[in-house]
Amino acid sequence: MRIASFNINGIKARLPALLDWLSESKPDVVLLQEIKSIDENFPREPIEDLGYHVETHGQKSFNGVAILSRLPIEDVTRGLPGDPDDEQARWIEATVIGDEGAVRVCGLYLPNGNPVPGPKFDYKLAWMDRLFDRAQALFDAEEPALMAGDYNIIPAPDDAARPKDWWGDALYRPESLAAWRRVVNIGFTEAFRARDAAPMNYTFWDYQAGAWNKNDGIRIDHFLLTPAAADRLVDCQIDRHVRGREKPSDHVPIWVELAL
DNA sequence: ATGCCCGATTATATCGGA
């Protein structure tokens, strides 16, 4: 099955582009971030018409995640455990039933964290502590599972066109990288680097300053796989061409193919 | 050093994004 992640930067503004991409790419499952919509206003019908179940976890104006699936899904849960006072919609999970087995999929929109220092950066690091706990539990379950989405983390210098200019930003600084590595080092496989070591592959290009035309991007959308899921990894690709279309998101889709 | 661009909001400027 093919599972994609796509930060769409607003479902209302991105619906035509999303429908075009769904129609041609035909992923089995899509994890969406930044729907920027309450659940009641999410345009379910045109997506359901393409054969997808729609599960949303939205909020007004900002954030918001969703799962689209052409395969049966079960046990949908919303919100990252660990802080009942957290009102930001950044996490959704479901179990997808494939022909050859099930996989637990977690869609996430990790906080940006800028400016540093400040409460937004503190929130990012606290959120990543909670992510670690959920990741550890998924790992301990010894089942196929993945956590995918907009991590707002630049893992390594090759993951930015201008790494020196990014250094110190909340996406690329020691505390952020330590928190990222702590999660990965539980024993997760980062799917893109496991399949393609080539540099200059990015998933985000700023709308400003001609970033797309200069390929001045960063790779911040990631798939982390448990060992049982990594054993089934067939491919991982970035749909970079989507960035060059009419009215694009500033992110592009990234997807994995799993033998499930 | 700042803004550039873009989306959402009971908006016509401000905030958040990365």
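Side chains are part of it too, since the values below use all heavy atoms of this structure and drop only hydrogens, waters and symmetry mates. Just so we're on the same page: letters track the sequence lines, and every chain starts at 1.
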Handout entry: Presence of salt bridge, Arg182(A) and Asp129(A), under 4.0 angstrom
Key = yes
Practice task
Can you run down the salt bridge (charged side-chain N to carboxylate O under 4.0 Å, His left out) pairs that involve residues 243-255 of chain A, sequence neighbours left out, and say none if there aren't any?
Solution key: Glu24(A)-Arg245(A)
Practice task
Can you tell me which residue pairs pass the ring-ring contact (aromatic ring centres under 6.0 Å, His included) test with a partner in residues 34-73 of chain A, sequence neighbours excluded?
Solution key: none
Handout entry: Nucleic acid contacts - residues 149-165 of chain A versus DNA chain B, non-hydrogen atoms under 4.0 Å
Key = Asp150(A), Asn152(A)
Exercise for the section: Check the angle between the aromatic planes of Trp180(A) and Tyr151(A) and answer parallel, tilted or perpendicular using the 30° and 60° thresholds. Expected result: perpendicular
Practice task
Round to the nearest Å and state the distance from Lys124(A) atom NZ to dG17(B) atom C1'.
Solution key: 12 Å
Fill in the blank from the handout: Per-nt protein contacts along nucleotides 2-11 of chain B (heavy atom under 4.0 Å; B base, S backbone sugar-phosphate only, - none) come out as --BBSSSSS-
Problem - Whole-angstrom distance between dA18(B) and dG3(B), as gauged at atom C1' - result: 14 Å
Problem - Leu110(A) CG to dG17(B) P, straight-line distance once rounded to whole Å - result: 12 Å
Practice task
Using only heavy-atom distances, determine whether the side chains of Glu143(A) and Thr226(A) contain a donor-acceptor pair under 3.5 Å.
Solution key: no
Handout entry: Sugar-phosphate, base or nothing in reach of Asp221(A), heavy atoms under 4.0 Å
Key = nothing
Practice task
Spell out yes or no: do the side chain of Asp169(A) and the base of dA18(B) have one donor N/O and one acceptor N/O closer than 3.5 Å?
Solution key: no
Practice task
Mind telling me whether Tyr172(A) and Trp167(A) have parallel, tilted or perpendicular rings, with 30° and 60° as the class edges?
Solution key: perpendicular
Exercise for the section: State whether Arg70(A) and Asp28(A) are salt-bridged, where the test is any N-O pair (Lys NZ or Arg NE/NH1/NH2 against Asp/Glu carboxylate O) under 4.0 Å. Expected result: yes
Problem - dT10(B) versus dG16(B) - spacing of their P atoms, nearest Å - result: 15 Å
Handout entry: By salt bridge (Lys or Arg N to Asp or Glu O under 4.0 Å) - contacts of Glu93(A) (at least two apart)
Key = Arg104(A), Arg134(A)
Handout entry: Sequence neighbours excluded - ring-ring contact (aromatic ring centres under 6.0 Å, His included) pairs with any residue from residues 231-260 of chain A
Key = Phe204(A)-His251(A)
Handout entry: Distance below 4.0 Å between His251(A) side-chain N/O and dG17(B) OP1 or OP2
Key = no
Problem - Spacing between Asn112(A) atom CG and dC15(B) atom P, to the nearest angstrom - result: 17 Å
Exercise for the section: Sticking with atom C1', work out how far dT2(B) lies from dA11(B), rounded to a whole angstrom. Expected result: 24 Å
Exercise for the section: For dT12(B) versus dG7(B), give the span between their C1' atoms, rounded off to a whole number of Å. Expected result: 15 Å
Problem - Nearest-angstrom distance from the residue atom CZ of Phe204(A) to P of dG16(B) - result: 17 Å
